[in-house]
Every structure is written in C-alpha cells, then in structure tokens.
Amino acid sequence: MMTDLPQVSLLPDENRTTLFVDVILPVSVPNLYTYRVPLELNELVKVGARIIVQFGKSRVLTAVIAKIHQTPPEKYPAKYLLELLDEHPMVTGHQLELFSWMADYYMCCIGEVLNAALPSGMKISSESHLQYNPDFDSSIPLSDTEHLLLETIKKKQSLSYEEAASLVGQKHLYKIVKSLIAKQAIIIIEEVKEKYKPKIVKKIRLLEIYEQRDNLQALFQILDKKPKQLNILLKYLQLVPVLSNPVVNKEGVDKSLLTQDDASASSLKTLIKNKIVEEFEIIVSRFEEGSPVENYQLKLTDTQRQAADEILQWFKTKDTVLLHGITGSGKTEIYIELIKQVLDSGSQVLYLLPEIALTTQMVNRLRKIFGDSMGIYHSKFSDNERVEIWKGVLNGQYSFVIGVRSAIFLPFDNLGLIVVDEEHETSYKQHDPAPRYNARDVALMVAKKQYGKVLLGSATPSFESYYHARTSKYGFVKLDKRFGEAQLPEIVLVDTRMERRMKKIKNNFSTVLIEELRQNMENRQQSILFQNRRGYAPYIACEECNWIAQCQNCAVSMTYHLHNHELRCHYCGHTEKSPAVCPACGSTKILTMGYGTEKIEDELQLLLPHSRLGRMDLDTTRKKNAYQQIIEAFEAGQTDVLIGTQMVSKGLDFERVSLVGIFDADRIINFPDFRSHERAFQLITQVSGRAGRRDKRGKVIIQTANAGQPLLQNVIDGNYTGLYEKEMHDRKKYNYPPFCRMIRLTVKHVQHTLAEKAAAVLAGRLLEKLGMNRVLGPESPVVNRIRNQYLKDIIIKLEKDNINLKAVKEMIRNEMQEVCTQKEFRQVTIVADVDPL
DNA sequence: AGCACGCCGACT
DNA sequence: GTCGGCGTGCTC
C-alpha cells in the first residue's frame, strides 16, 4: 500500500531532471523563448534540432533549439514543447553562431535570420482543421454566417483554418469559430505535418522466380494469348536482359518507361495483379545525376595556371583573395581548378553566383566535372529540392554546392573555400525583408569561422573590395589577357544630341546603330541591345495639361506596358488600365514618354521588318522556363537581336554575338548615388563584354547625349584603375565607403508629417550621442512614398577603426526602440540597413 | 510580425 | 443593446 511512493523517489535522478530549451523562432521577435522539455524527450533533445512549439494562443511554429539547460524561467511558467522533429540536429553550431552574429551585425532579430536561412520546407506549417461534431444538437440556433460555415464543414468533413477564413472573410472568423465551439457544433484538430517529401519513383521488376529460364519460358506460354501483356513483358526484357544477367532485374525499370498509354497501363496492372511483375518505389535525388567525366583534364592556359598558383600563394598568408580578371579571361577555369584541389583535400566548397549568372550553361558545365557530389541551390527550385540539398550537405552527400545568395546559410562544417563570382553584384545584398545581409560579406565571416578561404572574382570589382586588395587586407591577382587572345570589343560612342539635331535619329535608334544592326543581320551575326528599363514607356503624360500618370500608393510615375495596355507601378506592383482620355482635362492627346525594352522591341520591328527579335526582362521571364526558352532560341540562332535589361549583361556567352547596343547611357551614369559611376562602369563593361567572344572582334555602340563625359572614356579604354583612383579621391574627401561604415535608417509612416517628425526626433537623439559628423539627414529619398508609406532616411557614418561597432549598433537600436514606443510614434516603423547599397 | 482583447462609434 | 472598427501589447 505504501509501495508506490518510494518507487517514484527511487528513480535515478537524471530521469527526473526538468530540462528547458531556449529556442529561436523563425519570426520577428527580439528574444529567445524558453520551453519545457517533456521528460520522455530529455535524452533526445539536442542543440540544433527542430521542435514544434505553441507560440501565443493560436500559433504553432517550428523552432530551433539554441540552448539546453535546467534553469526554469522566473517570470512565467514555461510551456511544454509539443514535438521533437529531428533526431539529429538540422542546424550546426557554426550556423547558430553565424545567425547570432548576423542578427547583431545587421541589426535584426535572430529569428529573421533563421527565417531566411531555413528553406520553408523545413518550417512546418500549423493547420488548424475544423471538423463537424456529429453529436451536435441541431436545435441550437445559429447566425447566418455560423450556419454557412457549419454547413461547409459538414459537407467537406474537415476544413482548414485558411479555407474557412477565405469562406467567411478573415476578420470574423475567430468569433464565429469560438461560438461554434461553445455551441459544441464543431471540434478542432491541430494538425502538424511535415512539408518535405522526398521524390519517389515507381519502379517495375519481374518477380524473382522468373529470373530462371524455365519459369520465364512457361510465362511466355501463359501470355501467348494476351498480346498486350506479352508486349509489355518483351519491352521489359529488352530494357532488362534478365536471362543473361539476372542481377539487373533487382533494379527494375521506371514504371513510366513501360506505360506510354492507358492501354499499356492497364495491361501492366494485370501483370502486377497476376504476380508476374511487381511494383516498388525508390527515393531519388531531384537532380539528374551526371557522373563525372572520367579523366577530365582541365586545360589551363599558362596565364590561368600562373594566376591559380598566385592565388594559392596568397592563401598562405591571406584569408581572402580578389581575382580581377577581365571578361573572357577564363576565371571559371581557375575556379574549377581550385575547387578540385580543395575537394581533393577533403574540404567542402561553396561557389556563389548571382541569380542571373547561375544558368543552365554553367550548371551543365560544372556537372560534367563534379558529377553528383555537386548540389545546386537556387531560388527557382522548389522547397523540396532545397531541403534535399540542406540534408545532403549535412550528411556529406554534397561536398560542393553551387548556389545563389541564400546558399551561404547551408550547414557546412568544413568549408575550405568559398568562391564569390561577380563579387560586385548588388544581388548579393538582400534588400527587403530583414536580414538585409550581403552574402559576399557574410561569406568572409563564414569562412573565417571554419578556417576556410574566400576567393572573390570579378571583371569589375567593387571599389570596396579593390580597396581592400590595395591596402593588403586581401590578396590580389590580376588577369588581363583574354582567353585565346580574343580581342576586346571596339567601343563607339554615338552622340544622340547631335544626331537628333541633324534629324538622323529614327525613334530611339541612331543611324549608326540601325545600320550596324542591319549589316550584322545580313552577315548572319547576332546582336544584343541593352536598355536598363523594362516596360514600354516609363511614364505617360497629357500633351494638353501635362498630367502624368502616378501610382496611387507610391511617389512614382506609372510605367506604360504596351502588352495589354496597362500602367504598372514598378515599386508596389499596382496596375491599372491605361486611360484613353486624360483624367484631368479630358484630352485624348496622351503621349508615352521615354522608352523601355518593350518600346525598343516595337520600334526595331518597324525599322527592320525582317528581323527576329527576342526580349528578356522581368516581364518576359516571369513564367517558369521562359528565361530558358528565350536564351535557347537565341543560342539556336532563331533570334537575330536580343533586347533586354541587366539580365542580358552576364553569364551569357554566345558565339555569334558581335554587336552590342547600349541605350541611354546617361541615365545609368547620372543616377543620384555616390556609387553611380562605379555601377555605370561595371554595367556598361559587363554588357560590352557580350560582344565578340572568339576570333571576331566585337563592336559596342553606346548612345549618349554627352559623349564627352570622362566616365565613358574610362569605359572605352577599359581604364578601371583610372576611374577607381578618381572615385576614391572623392570618397575619401566626402567620407563615403570604403572610408567609413554606413548604416541607413528608414523611418516610415502613412502620414508624411509623422514620418518627418519621428525621423527628426530620432536624428536629434542620435546626433546627441554620435555628433554631427556621423549623422546625416533626415532626408527624403528620391522616391519618398512607397506602398502608401512616406519615407525619411537618416544616414549614419562611422569610422572604420577605433570604434566599438557593436556598442554603437546597440545604442542605435535602443534609440530606435525609444522613438517607436513614444505614444505619438506608435505606428511608425524604422528599418535599419547596415552597409546599404 | 500576427493576433487576441478591449475600448469606442454606428446601427438593429 | 450588439456588431465591428481599430489601437495596443504580448508571445516562453
């Protein structure tokens, strides 16, 4: 009778220890949260494993364990964690360290970092399902909406919260559901399911007994009268020579190979039913496996070999090396050589590329060399595929990954080398949701933590990186010979003002450009036209009253798109039909002003009626595979001229392109930003590099209203360093990066005055702490209203040395917090962008 | 960021 | 009096 009590206390102490876990939630909350571990999981919880927790009243989230301890929280009782998802950690210690560093450095929440890092397939969704209670007393009166919802639930057996919400209209849902529960009409089930599903292929094989000749012969007899089934069997035997090699039968063939039509499918079904063949499933990787080409010999030129050696030499003393190699100098071969060496030494490699440069061309090329030990991490891939790469990196299946920005978050633990190709590319910086990180810079930190090296490569390095190379922070290798002695293109400036005055310009094409295009076409050569602006016209205006179509949510003009006659805001995505008459004065004289890729395409079709044109910009590549199709058509010579935005500027190497036309160079050059010249040089040089690859010297025609500007001369001469020196002089003088660190705070509010006021208060407080040399603004950005929110920028400039950066950022965060909690500024949001571009 | 709860005005 | 708007503060 007393036996029960002592038994409990006799249990070993360890088993009764109450454990708690501090977890990172993939949401925008500032702290870690503490949950209690159910006793039965005590042995199983691990730092880095994912768990399911209830967060708040109705949310169920996936969290990652950051710490396991025994200290119960003082101020609140900890909730139990609901479920442990991983036996083995999915997030490594290195990653946890990185997340926390990034949250500090980029002034965001660690949860926001986690959210960016984890592919959403690893963040389990909570779906509350509503179910009809069969014991419901239907005499209880219901409101109309309640009735509607209940009927739907009854009909569909079970309804997800979201489905119900869309049926009823989000805002009323909670109360209706609550009331239905109170009336015992429905029951709620919380359903958590894993999103990740491995790809499964259905296979067919012959039953084992038919691997024997006699049995198989007998089978033929049986099927003699059933030609369709026999047919399938013969087909199978053709693919799998069972008699000569019975072992191959084990692996079978893909079911899809045997079933081309319904008839064969049904015959196959009969074969399965009659126990002649069997169906089985295997889990496959989502990528076609390409085995490495045996004895692949990389042929480096002497120059390339020398550069590779130099890089290795530098790595002995520096963690980072900048490779400055002009377009067509064969940087990729050097990367490949180094990657192979690092992989051979047993370390992992990450090769980062900007999204638009991660082309099929590139992937196929690398696949041939590295086979299936190479993983591809691309945003165009589905979640399942991303999860597979993640797991593959963890379990060692992939020692080499080629990927875009977010690949920097993969769970490597032994990175020997990170290659950041086109390191100057702005797409390495994430702009919108936090964390506003730059993968190129994060790569340096990742490598440092794992004692790995970073190779930055570019034909036009960012001035920051070049500066670090010059000041010996990075090693530096220069490659200025084009592969196979190909010549740099000839660059011609066309003065559009002059041409316009002489009435030689047709629409937006100078006579020179149109003539070259015509000739190029006649010679069966291809051309690329670059205009860094999509749509037909950047704005439309009324000739009578000067009315301009503006976005209702943003302080920008609406871009006119000829396709479906639409006006579109490129900031918020708002669209409306283009008006036939001026909304202000009723005039029908509405003109399109300026020009984008769509208009160029339109005009060129008129000027060269027989030309076959392709256009590549955000509008034509939105659909899946559209990008690929446009490129393939161009590659196959089905298009004469490819017109496009930045998308055409990199990663595409075409043999027959010998002419590049650049429109409106001035707009690229005179962008109001301290980096505009650097950018213009990079962009124009990159686009020019598309002209003339091998034997033929290409030609580049730049249309400009100001042919005399020095920057264009720099471009013509390929004088990178000249521009660098000049720009550095200015940046030093006016204290811009790389001579300072910059942090931009953007204050947003729907009311202009409140945004202004809050920004002024914040700037004032920061000024007090940092002094007037370090705080600029508040200032209105060029586009001062986006999505109905007015914007005010405050720029903070901090010296690079002798400053406690962490403490200053902490202080800034506090001040932001302080301002936001003032009653007046409750609705104001402030975003911090560290190292903005 | 969500999301519930509460305090206010508009209408049955 | 109830419904539903929006402001406010919390989430282990």
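This structure is a prediction, so every number in the text was calculated from the model and none was measured. A, B, ... follow the sequence lines: proteins, then strands. Residue 1 opens every chain.
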J.: What is the nucleic acid contact for Phe55(A), judged by heavy atoms within less than 4.0 Å: base, sugar-phosphate only, or nothing?
T.: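 It contacts base atoms.
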J.: Please report, rounded to the nearest Å, how far the P atom of dC12(C) is from the CD atom of Glu74(A).
T.: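 Result: 18 Å.
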J.: With a 6.0 Å cut-off on ring centres, are Phe20(A) and Tyr35(A) close enough?
T.: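 Here the rings of Tyr35(A) and Phe20(A) have centres that are no less than 6.0 Å from each other.
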J.: Would you state whether a donor and an acceptor, one from the side chain of Tyr76(A) and one from the base of dC12(C), lie under 3.5 Å apart?
T.: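 Result: at least one qualifying N/O pair found.
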J.: When the ring centroid of Phe409(A) is compared with that of Tyr437(A), is the distance short of 6.0 Å?
T.: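 Centroid separation for Phe409(A) and Tyr437(A): below 6.0 Å.
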J.: Send over the distance from Asp432(A) CG to dA1(B) C1', rounded to a whole Å.
T.: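 For the pair Asp432(A) CG and dA1(B) C1', the rounded distance is 13 Å.
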J.: Atom NZ of Lys67(A) to atom C1' of dC12(C): distance rounded to whole Å?
T.: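 Those two atoms, NZ and C1', are 14 Å apart.
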J.: Can Lys748(A) be said to sit on top of Tyr790(A)'s aromatic six-ring, NZ or CZ under 6.0 Å from centre and within 45° of the ring axis?
T.: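 No, cation not above the ring by the 6.0 Å, 45° rule.
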J.: How many Å lie between NZ on Lys79(A) and P on dT11(C), as a whole number?
T.: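 Between P of dT11(C) and NZ of Lys79(A): 9 Å.
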J.: Does the Lys NZ or Arg CZ of Arg787(A) fall within the cation-pi geometry relative to Tyr571(A) - under 6.0 Å from the ring centre and within 45° of the axis?
T.: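 Arg787(A) over Tyr571(A) ring: no.
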J.: Does Tyr33(A) place a side-chain N or O at less than 4.0 Å from the phosphate oxygens OP1/OP2 of dT11(C)?
T.: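 The answer is no; no side-chain N or O of Tyr33(A) sits under 4.0 Å from OP1 or OP2.
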J.: Whole-Å distance between dC12(C) C1' and Tyr80(A) OH?
T.: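 Taking atom C1' of dC12(C) as the reference, OH of Tyr80(A) is at 14 Å.
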J.: To the nearest Å, how far apart are Asn31(A) CG and dC10(C) P?
T.: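 Taking atom P of dC10(C) as the reference, CG of Asn31(A) is at 13 Å.
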J.: CD1 of Ile51(A) versus C1' of dC12(C): gap in Å, rounded?
T.: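 Checked: the CD1 to C1' distance equals 10 Å.
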J.: Determine whether Leu754(A) and Gln827(A) make a side-chain contact, defined as any pair of heavy atoms from C-beta on separated by less than 4.5 Å.
T.: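 Of all side-chain heavy-atom pairs linking Gln827(A) with Leu754(A), none is under 4.5 Å.
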J.: Any residue in residues 816-829 of chain A with a heavy atom nearer than 4.0 angstrom to DNA chain C? Just list them by number, or reply none.
T.: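 Heavy-atom contacts with DNA chain C come from Arg826(A), Gln827(A).
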J.: From CZ of Arg59(A) over to P of dC12(C), roughly how many Å is that when rounded to an integer?
T.: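 It is 10 Å, rounded to the nearest whole Å.
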J.: Any sub-3.5 Å donor-acceptor pair from Gln54(A)'s side-chain atoms to Leu82(A)'s backbone N or O?
T.: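 The answer is no, because no donor-acceptor pair under 3.5 Å joins these two groups.
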J.: Are Asn438(A) and Tyr106(A) close enough that a side-chain donor and a side-chain acceptor fall under 3.5 Å?
T.: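 Side chains of Asn438(A) and Tyr106(A): no pair found under 3.5 Å.
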